[in-house]
S.K.: 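Starting off with a structure, shown below.
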Amino acid sequence: MSEAQSAQCAADEERQGEQGVYRGTKEVKTIVKLKGVSKVYWRGKEKVEVLHDLDLAVPEGAFEALMGPSGSGKTTLLNLIAGLDVPSSGSVRVADAQLETMGEAGRTKWRAENIGFVFQTYNLLPVLTAQQNVELPLLLANLSSSERKRRAQTALKIVGLEDRVRHRPGELSGGQQQRVTIARAIVNDPKIIVADEPTGDLDRHNADEILNLLDKLNREFEKTILMVTHDPAAAERASHRRHLDKGKLQ
Amino acid sequence: MMLGSLAAKNVLGRNRVRTLLTIAAVAVTIFVFILLRTFITAWTAGAEHAAQDRIATRHKVSFVIALPKSYADKIQMNKDSLGVTDVTWCNWFGGKHPQRESDFFATIAVDPQSFLRVYDEIQLSPEERESWVQNRRGAVIGDALAKKFDWKVGDSITLEGTIYPGNWEFEISGIYTAARRSVDRSTLWFHWNYINESVGQRAKDQIGWLVSRVEDASRTAEVSKNIDAMFEDRGEQTTSMSERALQTSFLGMVSAILTTINVISVVILAIMMLILGNTIAMAVRERTNEYGMMRAIGFAPRHIATMVVGEALTIGLLGGLLALVLAYPMIEQGMGRFLEETMGGFFPYFRISGSTVIAALVLATALGALAAAIPAIRAARLNVVDALRRVG
Ligand SMILES: Nc1ncnc2c1ncn2[C@@H]1O[C@H](COP(=O)(O)OP(=O)(O)OP(=O)(O)O)[C@@H](O)[C@H]1O
Ligand SMILES: [Mg+2]
C-alpha cells in the first residue's frame, strides 16, 4: 500500500468513526424506501414470485452491497429502485418520487435526473469516443456543446481517464471501459448510482480500481451507491451489506 | 454531437461491408429508377416539344400513299381563308449510307425555301442557306448526323435509294442545329426537285405529306378540319393533325409500354425499401442492448425512433447521391448521346431532368425513412428491462 493510499485509509476510518453506522445520531434522510414490494413474473401460466413483501430503507449517502444467489432477484430489485421497472404491488419511493405511480415517460425523465447506471457489460456505444459516450446523458439537457464537452472532460478526469478522451471503447481495456461507464453515470450529477455487478467482468486489480472509484464517489461526491455483487471482497468495500434470498432481504 | 450525428456514425462506423452493400443496392435501384424516368420523360418530351403551330397533312388512307403536289398550291392560294401562313411539302426518300446500311437516319426531300420558312427552328448560317437553295444536289444535315458519319460541309456523298432506286449523289451544303427540340438533329434534307426531275412521268409531282404553319396555334384543330374539308371531294382525301397531336397519338399507342415502365419503376422502389428495411431491422436487433442502455439513462422512445429513422435516411440519401453520381456520366454522356444520335426521332432529348433528380433524392430518403418505420417503432417500444437483459 502506498503512502497516499494509507493516508486515505486513515481518513476513511476517521470518517467511518464519525458516522458510526449511518452517521451516528445525525438525522439522515432516507433516499430509498420500499414497502411491501412484490414482483411477480408470469412464465406462461406459471407464476414466479421473485420478490415477496419486501421492505427496504437506504439512507442518503450510503454505499450498499446487495448479495445473494443467482436468480434471487437482485437485478429485479435494483431495476425497481432505479425506476426501470414497477413492482407488482407495494410502494417504491426513491429520491422523493413515488415511482410505481409515475408513467413510463415520467420515470424516464426522473431516471435521467436522479440515477447513474453502471452495468456489468459497460454498455458503451462502440462508435463513440470515450468523451462522446460520457456526453450522451447530457444530450437530454439543454446545454451548449462546449459545456457538454467541459463536463464530460471533468467526469473523465475524476475517473482518471483524461488522457483517453478520444479513444473508442474498442481501444480501451475492460477496466478503462468500466471507468468510462462510471464517468457517464456521474456526468449529470445524479443522487444515486446503481451498479449491477460492476466488477463481474474484471480481474482483481481492475475490480479494485473500480471499487476505489465507487468509494471515492461515495465519500467525496456523496453519491448514494447501490451495488449488486457476487464478489465478497467487493461487498467488503461497501459500508453496508444486504442478502437477498427467496424473495426477502435477510 | 447530437442524435443525428450518432445515427450517421451508426451507419458508417460499424458493419461497414453490410452498410456499403446496402448503399450500393439503394444506388442501383435508384439508378434504374432514374433511367426509367428519363426514358419516359424523353419519350413524352417528343410530344411536349413538338411544334404546336404546324399541321401535317397526309393521305387519309395511309402515310405511304402520295398526294398530288397541287394540294400544296391549293393551300398556298387559300392560306388567308384557312388561317395558314405558309406551307411546304415533303417526300420520304429512304436513303441509306451504302457502307453502313444498318445505321438508320431520315432522308427527306423538301422544297428548301418554304421548308426553311415553316421549320424556322432550323439554324443555318446565311451562306449555308444560300448555297443549299442554289445547289440542286445540295443537302443539309443535322449536327448529330454529321458527327456520326463524320460528314463536313463541302463533302460529296452517295446514298443508296430504296424507294427511289439507284445511287444518289449529294453535296453537303450545311450542317444545322435546332433552336428548339421540335426537330430531329440527325435528318438529311435535300431538294424535292432533285427526285422529282429524275422520276418517270407517272411518279412526277407527287408528294408524301404537307406541312402548314398556322397563324394561331390555338386554332390548329379547326384549321386541320378546314384543310381536310377542302380536299373532301377530291380523289385523294386527307387527314391533318398538328405535330403535337400526332406525337400524342403515337404516345397513345405506346401508352401500355409507358404504363409498364411506370409500374416497373414503382416495383424497383419497393425492392429498395425491402433491402433498406431489412438492413435497418438487422441493425436494430443487434443493438437492442444499446437501445436498452439509452432508454435507461433517460432517452425517450421517440429519441430511439428518430435515431433509427435517421440511419435509414442517411443510407437512402447516400444511395441516392451515389446513383446520381453514376447516372450523370452514364446517361448524359453515354447512353443519352447515343440515343439522341441514333434514335433522335424517338428521343430528341435524352437527359436527366431536374424533376427526376429531385424525385430520386426525395424518394430515396423518404422511402428509406418509411422502410425504417417498423424497426423504428419496434426499437422505440422495447421494454427497457428486457433489452438490458439481452446480452450483446
Ligand atoms: N422477464 C422475465 N420473465 C420471467 N421471469 C423473469 C424475468 N426476468 C427475470 N425473471 C426471473 O426472475 C428471477 C430473478 O432474476 P434476476 O435477474 O433479478 O436475478 P439476479 O439475482 O440478478 O441473478 P444473477 O445473479 O444471475 O444476475 C429469475 O429466476 C429470473 O428467471
Ligand atoms: Mg442480475
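Everything numeric in this text was worked out from a predicted model, so none of it was measured. So that the names make sense, note that chain A is the first sequence line, chain B the second, and so on, each numbered from 1.
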S.K.: Quick check: are there more than 12 heavy atoms from other residues, nucleotides or ligands sitting under 6.0 Å from CE of B:M335?
M.R.: yes
S.K.: A side-chain contact here means heavy atoms from C-beta on lying under 4.5 Å apart; do B:P301 and A:E104 qualify?
M.R.: no
S.K.: Within the supplied structure, the quantity of interest is the number of heavy atoms (other residues, nucleotides, ligands) at a distance under 6.0 Å from B:I374 CD1; does it exceed 12?
M.R.: no
S.K.: Heavy atoms only: give me the nearest A:F117-B:A296 pair and the separation to one decimal.
M.R.: CE1-O, 3.2 Å
S.K.: Keeping the roles fixed (side chain from B:R295, backbone from A:L84), state whether a donor-acceptor pair exists under 3.5 Å.
M.R.: no
S.K.: I'd like to check B:K9 versus A:L125 (side-chain heavy atoms, cut-off strictly below 4.5 Å). Are they in contact?
M.R.: no
S.K.: Counting only heavy atoms from other residues, nucleotides and ligands, does the tally under 6.0 Å from CZ of B:R302 exceed 12?
M.R.: no
S.K.: Considering all heavy atoms of both residues, which atom of B:M293 and which atom of A:N123 are nearest to each other, and what is their separation?
M.R.: CE-O, 3.3 Å
S.K.: Heavy atoms, side chains only, cut-off 4.5 Å: are B:F299 and A:T108 in contact?
M.R.: no
S.K.: Has the side chain of A:R111 got a donor or acceptor atom that lies under 3.5 Å from a matching backbone atom of B:I297?
M.R.: no
S.K.: Do B:L6 and A:L136 come within less than 4.5 Å of each other through their side chains, counting heavy atoms only?
M.R.: yes
S.K.: Identify the two heavy atoms, one from B:G298 and one from A:A112, that lie closest to each other, and give their separation to 0.1 Å.
M.R.: CA-CB, 3.8 Å
S.K.: With a sphere of 6.0 Å drawn around NZ of A:K149, does it hold more than 12 non-hydrogen atoms of other residues, nucleotides or ligands?
M.R.: no
S.K.: CG of A:D163: more than 12 outside heavy atoms within 6.0 angstrom?
M.R.: yes
S.K.: Would you compute the distance between atom CG of A:L139 and atom OG of B:S5 and round it to the nearest 0.5 angstrom?
M.R.: 8.0 Å
S.K.: Would you say NZ of A:K109 has more than 12 non-hydrogen atoms from neighbouring residues, nucleotides or ligands within 6.0 angstrom?
M.R.: no
S.K.: If you round to the nearest 0.5 Å, how far is CD of B:E290 from CG of A:L124?
M.R.: 9.5 Å
S.K.: Give, for atom CG of A:N79 and atom CG of B:L388, the distance between the pair rounded to the nearest 0.5 Å.
M.R.: 7.0 Å
S.K.: Please classify the contact of A:R184 with chain B as side chain, backbone, both or neither, using a heavy-atom distance under 4.5 Å.
M.R.: side chain
